[in-house]
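Okay, so here's the structure we're looking at.
Sequence positions, counted from 1, serve as the residue numbers for this chain.
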Amino acid sequence: MKNSIAACGSFPATRLRRNRQATWTRNLVREHQFTPHDIIWPLFVHDQKENAAIGSMPGVFRHSLKDLVVQAKRAESLGIPAVALFPAIDPSLKNAQGSEATNPDNLVCRSIRAVKEAAPGVGIICDVALDPFTSHGHDGLLREEDGVILNDETVKILCEQAIVQARSGCDVIAPSDMMDGRVGAVRQALDQEGFTHVAILSYAAKYASAFYGPFRDAIGSNTLTGKDKARGFRDKSGYQMDPANTDEALREVALDIQEGADMVMVKPGLPYLDVLCRVKETFAVPTYAYQVSGEYSMLSAAFAAGYLDRKRSIL
């Protein structure tokens with residue numbers, strides 16, 4: 001009998017399936033765990049008394065200020081470490097200069113103060129960009145005669161926007177505008193005003209993606225104006241990154257780190273996993289992926305149609 005077993009040939013001494021055969025062993029050897037501590041929760045807020053459903057993002061709402069506080073407390077109870085606040089500004093407050101962005105009593109600043117008071121253990125991350133506040137929907141100042149987005153003039157306003165947010169209690173400033181030099185300028189402005197403790201999470205590699213549509217519905221910036229569509233002024237490809245480029249993403253990230261970014265982000269997430277991997281391997285800094293509105297909406301449609309199991313797909 002011994003001879004016949006030996007004659008069957010050699011079997012592998014290493015069997016990777018041994019570590020997969022039970023739930024407890026899979027849990028024990030799992031390399032990456034996904035927990036609430038890994039999540040930043042984007043919350044949309046508007047200046048209305050009731051919540052409003054966002055049609056292109058099922059299950060997502062523009063929250064009233066009162067309910068925003070409820071959701072922040074919920075985040076705290078779930079162990080979610082931070083929320084990212086995005087405002088839907090009343091159209092009457094929008095203009096070409098986005099001047100409401102620097103109002104110390106604007107919707108964002110009031111939201112920061114309310115959340116900080118109600119849920120002090122939750123970090124608050126605030127977007128720094130002008131698109132929620134401009135009548136033309138762009139992230140920066142628009143030169144009327146030719147539709148060019150003005151870089152340096154925009155950066156000056158972004159610094160003012162970051163300061164009013166920091167004064168209201170924001171913990172992390174997140175420049176998403178993709179103007180050149182804005183991270184260094186915002187860092188300098190924060191430090192000069194005594195906000196050396198306020199961190200910067202840079203949207204370092206933000207692509208001009210088609211996946212942002214539902215988000216723009218949510219904040220009311222989906223109508224872009226500009227002089228010449230053929231030259232790219234009615235989309236954001238004049239300042240957001242070309243989806244064809246990955247080497248450029250490394251240059252963007254390197255510059256933002258040099259300018260003082262504490263954390264960096266790749267946006268969108270799923271379509272740019274190659275960029276995410278290259279950024280993390282190259283720089284070894286805290287690196288975030290933004291699962292954007294279009295990704296969420298696609299998954300939601302698949303869940304609703306029964307094509308995918310919601311919980312398994314998310315995890």
Atom pair [atom1]/[atom2] of [X] and [Y] - distance to nearest 0.5 Å:
| X | Y | atom1 | atom2 | answer |
| --- | --- | --- | --- | --- |
| Glu100 | Leu130 | CD | CG | 12.0 Å |
| Leu276 | Tyr290 | CG | OH | 15.0 Å |
| Leu28 | Thr23 | CG | OG1 | 12.5 Å |

Short side-chain to backbone donor-acceptor contact, [X] and [Y], under 3.5 Å:
| X | Y | result |
| --- | --- | --- |
| Ser168 | Ile112 | no |
| Tyr272 | Lys206 | no |
| Ser77 | Arg74 | yes |
| Asn106 | Asn103 | yes |
| Thr287 | Val285 | yes |

Between [Y] and [X], is there a side-chain heavy-atom distance shorter than 4.5 Å?
| X | Y | result |
| --- | --- | --- |
| Pro268 | Gln291 | no |
| Ile200 | Pro175 | yes |
| His63 | Gln71 | yes |
| Leu85 | Asp127 | no |

State whether [X] and [Y] are salt-bridged, where the test is any N-O pair (Lys NZ or Arg NE/NH1/NH2 against Asp/Glu carboxylate O) under 4.0 Å.
| X | Y | result |
| --- | --- | --- |
| Asp131 | Arg216 | no |
| Arg187 | Asp191 | yes |
| Arg143 | Glu153 | no |
| Lys49 | Asp67 | no |

Check this for me: [X], atom [atom1], are more than 12 non-hydrogen atoms of other residues, nucleotides or ligands nearer than 6.0 Å?
| X | atom1 | answer |
| --- | --- | --- |
| Tyr307 | OH | no |
| Glu117 | CD | no |
| Lys116 | NZ | yes |
| Glu50 | CD | no |

Check the pair Glu193, Arg167 against salt bridge (charged side-chain N to carboxylate O under 4.0 Å, His left out), reporting the backbone distance first and the verdict last.
CA-CA 9 Å; Glu193 292 294 321; Arg167 285 177 180 156; 3.0 Å; yes
Under 6.0 Å from the ring centre and within 45 degrees of the ring axis: does the NZ or CZ of Lys267 meet both conditions for the six-membered ring of Tyr203?
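That pair does not qualify as a cation-pi contact.
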Mind checking whether Phe86 and Phe215 have parallel, tilted or perpendicular rings, split at 30° and 60°?
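Ring orientation of Phe86 relative to Phe215: perpendicular.
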